[in-house]
Number of protein chains: 2
Amino acid sequence: MNKMRKEHNLTKNQKIIFDLIDKSSQPLKAYSILYNVQKKGIKAPLQVYRALDKLVEIGKIHKIESRNAFIACHNSSCQVAKATAFSICEICEKVTEISSAGLSKYLANFKDKDGMKYSKYNLEFFGLCKKCTLK
Amino acid sequence: MNKMRKEHNLTKNQKIIFDLIDKSSQPLKAYSILYNVQKKGIKAPLQVYRALDKLVEIGKIHKIESRNAFIACHNSSCQVAKATAFSICEICEKVTEISSAGLSKYLANFKDKDGMKYSKYNLEFFGLCKKCTLK
DNA sequence: TTTTTAGTTGTTATAATATAACACTATGTA
DNA sequence: TACATAGTGTTATATTATAACAACTAAAAA
């Protein structure tokens, strides 16, 4: 298996689960995914979690840690899940992946007090989305 | 209750649980906290979670979302849990709160594509700590 | 002082999230 | 073919977190 390859051939379960997440307008939770794919033959939590783990690993989806939910990656630059940033609306729970060259660059180069750099990061912003601000 | 006040008078349970977390060199998980405070009369998960919720709310502790664990705040500038950043070692799981004026300023002023600012953020960096880098 | 109020407590039960272990199957490659 | 690697299906279980309700407490208002 060529690790450099960008196109991963998803297996049946991975494809079913990725398609569901990809079509969704908001992040999906593991058990909600499970209920939605039971008619397609995926019966157990573990089948879902295994597919999710793999999809996260190859960067097709991201986990929103503060929500225990999963969202498809629509950011062509993050084929791997190593540098992620999201905005989360605290009212409607809308989540948007942020793709800002400035932000990525700043964080990728950030060094702590000891001068250490880190290989991955995950950033979650919270506040109100445009819609909810206007209400 | 004066919300401006910096010193919150912790209740008995909150104090027991804060002291435990504060003394710990690494983040603690809720059920590990529970086992550790059972001899002090805290018997149920909910008693722990309620104290944790309150302590997070007033900024005495922070939740490390990717680990479902809690760490005491040693950063005098974040009395409220609205702007947090951590480094997490992927080998030894050591977690350190980052307090960098530059980083805070950059993130507090960050605007997304639509020009939206957000009122809170949580950032988690992953990599190797100094010790584990040398191994 | 009495009353009110908000917040905390103790408790049982249960929901939601996630992994262990094992036997088996598919697929690519030597 | 034979081997290695990864994925599957399954049952059981571990881990993380909340619902609901009655009782108690401390501080502020009347």
Side-chain angles (χ1 to χ4, degrees), chain A residues 1-5 7-21 26-71 81 93 95, chain B residues 1-5 7-21 26-71 81 93 95 122 124:
Chain A
M1 180 79 82
N2 183 350
K3 293 243 176 187
M4 287 285 92
R5 165 168 63 191
E7 266 314 309
H8 288 267
N9 297 313
L10 301 184
T11 64
K12 181 172 132 280
N13 287 1
Q14 288 162 11
K15 191 156 179 13
I16 291 170
I17 287 170
F18 175 72
D19 286 346
L20 182 70
I21 297 173
Q26 84 259 55
L28 297 179
K29 309 196 128 213
Y31 277 72
S32 129
I33 293 169
L34 177 58
Y35 301 139
N36 274 284
V37 297
Q38 278 179 328
K39 52 191 159 243
K40 302 210 170 168
I42 294 177
K43 291 175 195 156
L46 200 42
Q47 294 174 285
V48 172
Y49 280 103
R50 284 196 285 225
L52 290 173
D53 285 351
K54 189 64 188 183
L55 290 167
V56 165
E57 185 193 325
I58 65 181
K60 301 280 284 180
I61 66 173
H62 302 302
K63 182 172 186 181
I64 310 300
E65 292 287 354
S66 64
R67 300 299 188 258
N68 297 319
F70 299 85
I71 193 177
E93 292 291 325
V95 173
Chain B
M1 181 79 82
N2 183 350
K3 292 243 177 185
M4 287 286 92
R5 164 168 63 187
E7 265 315 309
H8 288 266
N9 296 315
L10 302 185
T11 64
K12 183 173 130 278
N13 287 1
Q14 288 162 11
K15 190 153 179 15
I16 291 170
I17 286 170
F18 175 71
D19 286 345
L20 183 69
I21 297 172
Q26 84 259 55
L28 296 179
K29 310 196 127 212
Y31 277 73
S32 127
I33 292 169
L34 176 57
Y35 300 138
N36 274 284
V37 297
Q38 279 181 327
K39 52 191 157 244
K40 301 208 170 166
I42 295 177
K43 291 175 195 157
L46 200 42
Q47 295 174 284
V48 173
Y49 279 104
R50 283 197 286 226
L52 290 173
D53 286 350
K54 188 67 187 182
L55 291 167
V56 166
E57 186 194 323
I58 64 180
K60 300 281 285 181
I61 65 173
H62 301 302
K63 181 172 186 182
I64 309 300
E65 293 286 354
S66 65
R67 300 297 188 259
N68 298 318
F70 299 85
I71 192 175
E93 291 291 325
V95 173
N122 178 53
E124 297 180 4

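In what follows, chains carry the letters A, B, and so on, assigned in the order in which the sequence lines appear, proteins first and then strands, with residues in each chain numbered from 1.
- Rounded to a whole Å, the NZ atom of A:Lys40 is 14 Å from the P atom of D:dG9.
- The shortest heavy-atom contact between A:Ile61 and A:Phe70 is CD1-CD2, 3.9 Å.
- Look at CD on A:Gln47: it is 14 Å from P on D:dG7, rounded to the nearest Å.
- Of all non-hydrogen atoms in A:Lys43 and A:Gln47, the two that sit nearest each other are N-OE1, 2.9 Å.
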Under the criterion side chain to side chain contact (heavy atoms under 4.5 Å, CB included), I'd like the reasoning laid out for B:Lys60 against B:Leu10: C-alpha separation, chi angles, the key distance, then a yes or no.
CA-CA 10 Å; B:Lys60 300 281 285 181; B:Leu10 302 185; 4.3 Å; yes

When you check every protein heavy atom under 4.0 Å of nucleotides 18-23 of chain C, what one-letter string (B, S, -) results, 5' to 3'?
BBBB--

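- Between C:dG28 and A:Asn9, no contact under 4.0 Å exists linking OP1 or OP2 to a side-chain N or O.
- Over its length, the helix from C:dT1-D:dA30 to C:dA30-D:dT1 turns its helix axis by 40°, as judged from the five terminal pairs at each end, rounded to 10°.
- Rounded to an integer number of Å, the gap from A:Lys12 NZ to D:dG9 C1' is 10 Å.
- Sorted by first and then second residue, the salt bridge (Lys or Arg N to Asp or Glu O under 4.0 Å) pairs with a member in residues 9-21 of chain A read A:Lys15-A:Asp19; sequence neighbours excluded.
- Rounded to a whole Å, the CG atom of B:Leu34 is 13 Å from the P atom of D:dA17.
- Atom CD1 in B:Ile58 sits roughly 13 Å away from atom P in C:dG7 (whole-Å rounding).
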Would B:Leu52 and B:Ile21 count as a side chain to side chain contact (heavy atoms under 4.5 Å, CB included) here? Give the steps.
CA-CA 10 Å; B:Leu52 290 173; B:Ile21 297 172; 3.7 Å; yes

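- Between the side chain of B:Glu124 and the backbone N or O of B:Ser66, at least one donor-acceptor pair lies under 3.5 Å.
- Rounded to whole Å, the distance from NZ on B:Lys54 to C1' on C:dT9 is 14 Å.
- In this structure the side chain of A:Arg50 never reaches within 4.5 angstrom of the side chain of A:Asn13, judged on heavy atoms.
- Minimum atom distance to the side chain of B:Lys29 is reached by D:dT16, of the listed D:dT11, C:dT17, D:dT16.
- A 4.5 Å side-chain heavy-atom check between B:Asn68 and B:Lys63 finds at least one atom pair inside the cut-off.
- Whole-Å rounding puts the A:Gln14 CD to D:dT8 C1' distance at 11 Å.
- A pairwise comparison of heavy atoms in A:Val48 and A:Ala30 identifies CG1-O, 3.8 Å as the closest pair.
- Note on B:Lys43: every side-chain N or O is 4.0 Å or more away from OP1 and OP2 of C:dG10.
- Contact annotation: A:Thr11 side-chain N/O to C:dA26 OP1/OP2 distance is not under 4.0 Å.
- Between A:Glu57 atom CD and D:dA6 atom C1' there is a gap of 11 Å when expressed in whole angstrom units.
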